[in-house]
Amino acid sequence: MTGAPSHPAGRGAPRGWGTYAQLPAGRTLVMGILNLTPDSFSDGGAHAGVEAAVSHALAMVEAGADVVDVGGESTRPGADPVAPAEEQRRVLEVIERLAGHGVVVSADTKHAQTARAAIGAGAQIVNDVSGLGLTEEMIEVCAAADVPYILTHARGDSATMDSRARYDDVVEEVRAELLQQRERLLAGGVRPERIILDPGLGFAKGGDQDWRLLAGLDRLTSLGHPVLVAASRKRFIGTALARARGTEQVPAPERDAATAVISALAAERGAWAVRVHDVAATADALAVTRSWLAAQSTIDHQS
Ligand code: PMM
């Protein structure tokens, strides 16, 4: 990534970032989710086995994923913690295989040892959802490897996060807490251009807090770091759909069309990347968003 933005600031122009080594610049990227967890809320157990996992990941790349995010520990509220050794057993071989295929892999982990091993296996980005629990060891690993680091807002762990969803002003507090953690990363030697920010939708958030964070995305993109939006299939989407349909909570696999709409809106607001399960739907949503914005900029230049 270079320091300078690749776009003039404006609608749909990702702000504050240039390009990471192999990743295209100038458009919102798609991060496809590969959860290698038996208890993941949305696709648990479906990709058991290395072969199935690799072919699912390659299918996501074929469908338009720029990055594949590989995780071995479920982060949903109430999920059991996974020891780093078991987490590594689940992910390392898959990461190695994907890196061998030239896929850009991010390692979704809260454990510094797993991040280190994942980088050794070929992962190029560390995706950490520790939030306020970010460890010094994780900072050391990322500084030493000089890899992009996704700093995700979260309070507490899977057992406690729901009880910590108390904010006076969720957008301002999430921003301030991310900036605090950013200071720790910088003090530990992580270069500023390596830090990607994520509001941590669903992590210690409830009610309409996730929607407020999306609506206030400019407060994060204006900080000059790339911003990742990871809304895919999350509970707040199911709740909004249920309210609109007048039904019970809408289940995770029925949230993909709504997720694609959020991807489009996030791209319009300058998100660097969106993390999704249904890559094809989001790739299409981003393609039509780009066409819309390209036409918009022509009109803007004429007037
Ligand atoms: N959410 C989940 C897992 N990893 N990573 C980042 N950076 N941000 C997130 O919000 C995030 C994440 C949980 O969702 P999943 O179980 O569908 O993967």
Side-chain angles (χ1 to χ4, degrees), residues 29-47 53 56-57 60 65 67-82 87 90-91 105-111 114-115 118 123 125-134 138 142 147-158 161-162 165 170 174 177-178 181 195-206 209-211 213-214 217 220 225-238 251-256 258-259 262-263 266 271-279 282:
L29 303 176
V30 183
M31 177 184 276
I33 299 171
L34 187 65
N35 278 334
L36 303 178
T37 54
D39 58 347
S40 169
F41 77 85
S42 53
D43 57 354
H47 309 299
H56 181 68
M60 287 197 290
V67 179
V68 172
D69 188 46
V70 180
E73 178 178 22
S74 174
T75 48
R76 78 181 150 73
D80 290 331
V82 175
E87 185 185 36
R90 293 177 184 176
V91 302
V105 172
S106 57
D108 187 339
T109 182
K110 294 190 272 190
H111 300 118
T114 301
I125 300 173
V126 171
N127 176 24
D128 181 7
V129 298
S130 303
L132 300 185
L134 167 62
M138 181 66 95
C142 294
V147 289
Y149 172 83
I150 300 171
L151 169 60
T152 309
H153 181 270
R155 292 175 175 176
D157 55 22
S158 298
M161 63 169 82
D162 279 352
V170 67
V174 164
E177 288 171 8
L178 283 172
Q181 298 305 82
I195 301 172
I196 297 159
L197 302 179
D198 178 339
L201 302 171
F203 292 129
K205 318 291 181 318
Q209 289 160 350
D210 296 291
W211 294 112
L213 284 164
L214 287 169
L217 205 61
L220 284 190
H225 293 277
V227 170
L228 173 68
V229 171
S232 189
R233 294 185 181 173
K234 285 193 175 164
R235 190 174 45 183
F236 71 98
I237 297 177
E254 289 177 36
R255 301 173 190 164
D256 284 334
T259 298
I262 293 177
S263 295
W272 165 74
V274 288
R275 177 183 180 277
V276 295
H277 300 85
D278 183 348
V279 168
T282 271

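All ligand and atom numbering here is 1-based and tracks the order in the structure. Residues take their numbers from the sequence shown, with the count starting at 1.
Interface of Ala230 with ligand 1, defined as ligand atoms under 4.0 Å from a residue heavy atom, comprises 8 (N), 9 (C), 10 (O). Here is the list of ligand 1 atoms found below 4.0 Å of a heavy atom in Thr152: 6 (C), 7 (N), 8 (N). Ligand-side atoms of ligand 1 in range of His277: 17 (O), range being under 4.0 angstrom from any heavy atom. Those atoms of ligand 1 that come under 4.0 Å of a heavy atom in Asn35, given as number and element, are 15 (P), 16 (O), 17 (O), 18 (O). Heavy-atom contacts of Ile150 reach the following atoms of ligand 1: 7 (N) (cutoff under 4.0 Å). Residue Asp108 approaches ligand 1 through these ligand atoms, each under 4.0 Å from one of its heavy atoms: 3 (C), 4 (N), 5 (N), 12 (C).
Taking each of Thr109, Asp198, Leu228 in turn, the one with a heavy atom nearest to atom 8 (N) of ligand 1 proves to be Asp198. Looking at Lys110, Arg235, Arg275, it is Arg275 that brings a heavy atom closest to atom 3 (C) of ligand 1. Nearest to atom 10 (O) of ligand 1 by heavy atom, out of Glu73, Lys234, Lys205, His153, is Lys234. When Thr75, Ile33, Ile125 are checked for heavy-atom proximity to atom 13 (C) of ligand 1, Thr75 turns out nearest.
The heavy-atom pair separating Val274 from Ser263 by the smallest distance is CG2-OG, 3.8 Å. For the residue pair Thr37 and Glu73, the shortest heavy atom distance occurs at CG2-N, 3.3 Å.
Inclusion of Asp69 in the set of residues having an N or O under 3.5 Å from an N or O of ligand 1 is not warranted.
Salt bridge Lys110/Asp128: absent, no basic N to carboxylate O contact under 4.0 Å. Between Arg235 and Asp162 there is a salt bridge, with a side-chain nitrogen of the basic residue lying less than 4.0 Å from a carboxylate oxygen of the acidic one.
Partner of Met31 under the side-chain contact (heavy atoms from CB on, under 4.5 Å) criterion, chosen from Asp108, Val68, Ile150: Ile150.
In terms of modelled atom types and a separation under 3.5 Å, the side chain of Arg255 and the main chain of Arg233 share a donor-acceptor contact. Between the side chain of His225 and the backbone N or O of Ile195, at least one donor-acceptor pair lies under 3.5 Å.
For the side chain to side chain donor-acceptor pair (under 3.5 Å) test, residues two or more places apart in sequence or in another chain that qualify with Lys205 are His153.
At a heavy-atom distance under 4.0 Å, no atom of Arg233 approaches ligand 1.
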